[in-house]
Amino acid sequence: MLSIYNTLTRKKEEFKPINPPYVNMYVCGPTVYDYFHIGNARSFIMSDIIRRYLEYKGFDVKFVMNLTDVDDKIIKKSNEEKKDAGAIADLYIKAFFEDIEKLKIKKADLYPKATAHMQEIIGLIKKLVDKGFAYNVDGNVFYDVSKFEKYGKLSGKNLDELISGARIEINEEKKNPLDFSLWKKAKEGEPYWESPWGNGRPGWHIECSAMSCKHLGETFDIHAGGNDLIFPHHENEIAQSEAANGKKFVNYWIHFGFLNINNEKMSKSLGNFFTAREILKLFSAEAIRLAFAQTHYAGPLNFSDELLASAEKGLEKLNNLADKVDEEIKKNNTTGNVPAFEFNKFKNDFENAMDDDFNSPQACAVIFDFVREVNRAIAENENISSKFFLDVKEFLQNTAEGVLGILDFSKSTVSSNDSISEDLINLLIKLRIDAKKEKNYALSDKIRDELNKLGIILQDSKEGTAYKRTKK
RNA sequence: GGCGCUGUAGCCAAGUGGCUUAAGGCGAAGGUCUGCAAAACCUUUAUUCGUCGGUUCGAAUCCGACCGGCGCCUCCA
């Protein structure tokens with residue numbers, strides 16, 4: 001039984017999709033005014049792991065991630081760089097897809113753009129105005145929070161407190177300081193669309209309500225995003241969607257904890273701001289994913305080079321086994337022993353971990369336990385059948401590769417399509433074995449060291465000498 | 001001020017009442033194997049879970065107080 005911590009109820013709840021096996025899931029995507037940062041990457045990776053696990057469980061997931069391509073920050077950047085706002089958005093959308101791919105994040109089924117949904121957005125605002133939840137003041141349309149009695153139900157706030165503690169700039173046009181923009185009147189030089197209230201553009205929250213409704217329906221299963229989106233963004237989405245449709249908006253709200261640097265929030269002003277692409281130059285996608293998966297998605301994560309370095313080291317153990325497994329499968333040994341091994345126990349442990357509110361740190365522990373047990377079986381048995389290794393591979397493919405994305409069998413170092421270099425390496429290995437037989441260890445060590453410098457690591461064992469390439 | 005998260009070994013981090021006299025990763029120490037390495041395996045590395053009290057047959061887990069870290073309430077993943 002899969003349970004999920006629901007921000008709305010502040011409890012772990014059994015996950016019951018509206019229309020199984022279908023699951024409709026919406027994750028707040030980037031505002032495309034810059035490269036996304038490593039904190040965004042955490043949200044994207046953790047939502048990817050959640051999505052992959054739902055698919056592992058047999059759900060048919062429709063995964064939608066919006067691209068907010070019209071917004072104040074984009075306009076600001078376009079003014080600064082004297083470029084068209086659309087060109088800025090296009091540039092960073094392209095970069096977004098490049099980075100997502102490098103991070104091994106599975107593509108969403110849909111990436112709706114705000115600018116491609118103006119009719120839906122305007123339609124939704126119109127509905128809110130008609131129903132009396134919104135008002136127009138000279139071309140600016142605001143949502144009237146006092147009209148939505150459940151305002152604050154997601155963030156646990158109530159209107160009076162919000163008003164008294166409000167640090168919101170005074171806007172004379174608003175009836176209530178907490179009212180938020182649905183439609184902003186265009187200023188000189190800003191991109192605009194035509195609407196019943198004049199030329200303008202949508203406010204920040206409305207595009208998510210409009211696009212999720214269009215692509216996932218008026219009520220859908222899961223909505224996820226960063227912690228800081230609980231208020232006001234998600235609160236406002238609820239207010240908009242539920243007021244317009246008269247139905248519950250989302251059943252399960254999932255929120256990701258913040259990524260901190262030295263226990264401080266990452267921010268450009270503190271100078272501790274890293275983009276995902278900068279980090280990808282230093283560490284592998286798998287290491288980033290493992291580092292993230294080893295912390296529960298909802299808690300804070302303190303990010304550092306050491307964290308990634310330690311993940312990178314841990315990954316070596318996993319990769320070494322994966323290489324070994326491929327090597328053994330290649331041998332196609334059909335007559336060897338099949339060691340007794342509790343594959344089902346590990347499978348159950350993995351599933352129990354992930355079923356418990358996507359406890360990926362526990363799931364990682366299961367995988368590392370599995371790796372150790374397999375290595376032990378290999379050490380304790382001789383002449384092992386390839387069948388065993390096929391089972392090992394299947395488990396790792398389903399879990400470490402398929403759900404967590406911390407392993408990539410296609411990166412295997414065993415096969416090389418460069419047969420000449422492979423032959424050359426094997427030739428050197430033969431020469432080294434000859435040297436060893438003559439106890440010419442100076443020469444044999446030299447061969448090993450020199451190959452090492454070229455990124456080829458030799459490993460002697462009872463069965464002979466194997467080599468692997470250091471991975472990038 | 002309001003709301004919420006958090007304090008577990010040298011570092012990162014699960015566990016939230018008995019299955020745990022506390023997982024897993026990194027690091028450290030010793031060992032097996034090896035000509036030496038590497039890899040792999042084995043052993044050791046928190047009698048203890050911020051502090052002090054309380055509830056309980058039993059608590060890292062529940063309650064209270066106190067001390068510390070962080071986030072949101074304004075754009076933000």
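Just so we're on the same page: letters track the sequence lines, and every chain starts at 1.
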Asks: Under a 3.5 Å cutoff, is there a donor and acceptor pairing between the side chains of D69(A) and Y92(A)?
Replies: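 Judged by distance alone, the side chains do not pair up.
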Asks: Over all strands shown, is G39(A) touching base, sugar-phosphate only, or nothing at heavy-atom distances under 4.0 angstrom?
Replies: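 The residue G39(A) makes base contact.
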Asks: Give the rounded distance in Å between these two atoms: CD of E373(A) and C1' of rA23(B).
Replies: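 Answer to the nearest Å: 14 Å.
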Asks: Using a cutoff of under 3.5 Å, can you pull out all pairs of nitrogen or oxygen atoms linking the protein to nucleotides 8-13 of chain B, with atom names and distances?
Replies:
unit_1: rA13(B); atom_1: O2'; unit_2: Q294(A); atom_2: O; d: 3.3

Asks: Write down the partner of rA40(B) under the Watson-Crick or G-U wobble criteria, each distance required to be under 3.5 Å.
Replies: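 Result: rU32(B).
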Asks: For a quick check of understanding: with a heavy-atom distance under 4.0 Å over all strands, which category does F256(A) fall into, base, sugar-phosphate or nothing?
Replies: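 F256(A): no heavy atom of the nucleic acid under 4.0 Å.
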Asks: By the 4.0 Å heavy-atom rule, please label D71(A) as base, sugar-phosphate, or nothing.
Replies: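 D71(A): no heavy atom of the nucleic acid under 4.0 Å.
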Asks: Please tabulate, one pair per line, each protein N/O and nucleotide N/O from nucleotides 35-39 of chain B that are separated by under 3.5 Å, including the distance.
Replies:
unit_1: rG35(B); atom_1: N1; unit_2: D445(A); atom_2: OD1; d: 2.9
unit_1: rG35(B); atom_1: N2; unit_2: D445(A); atom_2: OD2; d: 2.8
unit_1: rC36(B); atom_1: O2; unit_2: R448(A); atom_2: NH2; d: 2.7
unit_1: rC36(B); atom_1: N3; unit_2: R448(A); atom_2: NH1; d: 2.8
unit_1: rC36(B); atom_1: N3; unit_2: R448(A); atom_2: NH2; d: 3.2
unit_1: rC36(B); atom_1: N4; unit_2: R448(A); atom_2: NH1; d: 3.3
unit_1: rC36(B); atom_1: N4; unit_2: D460(A); atom_2: OD2; d: 3.0
unit_1: rA37(B); atom_1: N6; unit_2: D460(A); atom_2: N; d: 3.4
unit_1: rA37(B); atom_1: N6; unit_2: D460(A); atom_2: O; d: 3.1
unit_1: rA37(B); atom_1: N1; unit_2: D460(A); atom_2: N; d: 3.1
unit_1: rA37(B); atom_1: N3; unit_2: R448(A); atom_2: NH1; d: 2.9
unit_1: rA38(B); atom_1: N1; unit_2: D460(A); atom_2: O; d: 3.0
unit_1: rA39(B); atom_1: O4'; unit_2: Q459(A); atom_2: NE2; d: 3.2
unit_1: rA39(B); atom_1: O3'; unit_2: N320(A); atom_2: ND2; d: 3.1

Asks: Given atom CZ of R10(A) and atom C1' of rC3(B), what is their separation to the nearest angstrom?
Replies: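 Result: 7 Å.
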Asks: Write down the distance between CG (D228(A)) and P (rC72(B)), rounded to a whole number of angstrom.
Replies: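 Nearest whole value for this atom pair: 7 Å.
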Asks: Taking the six-membered ring for Trp, are H233(A) and H205(A) parallel (under 30°), tilted (30 to 60°) or perpendicular (over 60°)?
Replies: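 Tilted: the ring planes of H233(A) and H205(A) meet at 30° to 60°.
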Asks: Can a side chain N or O of N375(A) be found less than 4.0 Å away from OP1 or OP2 on rA40(B)?
Replies: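 No.
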Asks: What is the nucleic acid contact for L315(A), judged by heavy atoms within less than 4.0 Å: base, sugar-phosphate only, or nothing?
Replies: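 L315(A): no heavy atom of the nucleic acid under 4.0 Å.
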Asks: Using a heavy-atom cut-off of under 4.0 Å over every strand shown, decide if R376(A) touches base, sugar-phosphate, or nothing.
Replies: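 Sugar-phosphate contact only - R376(A) comes under 4.0 Å of backbone atoms but never of a base.
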Asks: Set out, in order, the CA-CA distance, both residues' side-chain angles and the distance that settles side chain to side chain contact (heavy atoms under 4.5 Å, CB included) for F292(A) and I38(A), then state yes or no.
Replies: CA-CA 11 Å; F292(A) 288 175; I38(A) 191 69; 4.0 Å; yes
Asks: Taking CZ from F350(A) and P from rG24(B), how many angstroms apart are they, rounded to a whole number?
Replies: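 These atoms are roughly 17 Å apart.
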Asks: Heavy atoms from C-beta onward define the side chain here; which of rG4(B), rC75(B), rA77(B) lies closest to that of L259(A)?
Replies: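 My answer, after comparing the listed nucleotides, is rA77(B).
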Asks: Counting heavy atoms from C-beta on, name the nucleotide in rA77(B), rG2(B), rA23(B) closest to the side chain of Q362(A).
Replies: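 The listed nucleotide nearest to Q362(A)'s side chain is rA23(B).
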Asks: Please work out which of the three classes, parallel, tilted or perpendicular, describes the rings of Y143(A) and F180(A), given edges at 30° and 60°.
Replies: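 Judged by the thresholds at 30° and 60°, the geometry between F180(A) and Y143(A) is parallel.
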Asks: K265(A) NZ to rG69(B) C1': how many Å, rounded?
Replies: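 Those two atoms, NZ and C1', are 16 Å apart.
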Asks: NA contact type, G299(A), heavy-atom cut-off 4.0 Å: base, sugar-phosphate, or nothing?
Replies: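 G299(A): no heavy atom of the nucleic acid under 4.0 Å.
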Asks: For the side chain of N79(A) and the backbone of K76(A), is there at least one donor-acceptor N/O pair under 3.5 Å apart?
Replies: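 Side chain of N79(A) to backbone of K76(A): no pair is present.
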Asks: Which of these nucleotides, rA77(B), rC73(B), rG15(B), is closest to any side-chain atom of H37(A)?
Replies: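 The closest nucleotide is rA77(B).
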Asks: For the pair made of CD1 in I100(A) and P in rA77(B), what is the distance, rounded to whole Å?
Replies: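 My rounded result for the distance is 13 Å.
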Asks: Short of 4.0 Å, heavy atom to strand atom, which residues of residues 103-112 of chain A count as contacting RNA chain B?
Replies: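 Going residue by residue through residues 103-112 of chain A, none turns out to have a heavy atom under 4.0 Å of RNA chain B.
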Asks: Decide yes or no for I230(A) and W253(A): does some side-chain heavy atom of the first lie under 4.5 Å from some side-chain heavy atom of the second?
Replies: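 SC-SC contact between I230(A) and W253(A) ruled out.
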Asks: For Y5(A) and for F368(A), find the nucleotide of RNA chain B with the closest heavy atom, then tell me which residue's nucleotide is more 5'.
Replies: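 Looking at RNA chain B, the more 5' nearest nucleotide goes with Y5(A).
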Asks: Checking base pairs now: Watson-Crick or wobble, both atom distances under 3.5 Å. What partners rC5(B)?
Replies: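 Paired with rC5(B), as far as the under-3.5 Å criterion goes, is rG69(B).
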Asks: Given the side-chain rings of F220(A) and F249(A), with only the six-membered ring counted for Trp, is the space between their centroids under 6.0 Å?
Replies: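 F220(A) vs F249(A): aromatic centres under 6.0 Å.
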Asks: Please give the distance between the C1' atoms of rG15(B) and rA9(B) as a whole number of Å.
Replies: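 Each nucleotide's C1' atom is 15 Å from the other's.
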Asks: In whole angstrom, give the distance that lies between atom CZ of F303(A) and atom P of rC26(B).
Replies: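 Interatomic distance, CZ of F303(A) to P of rC26(B): 18 Å.
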Asks: I'd like to know if the side chain of N302(A) pairs up with that of S304(A) as donor and acceptor (distance under 3.5 Å, no hydrogens or angles considered).
Replies: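 There is no such pair (donor and acceptor under 3.5 Å, judged by atom type) between the side chains of N302(A) and S304(A).
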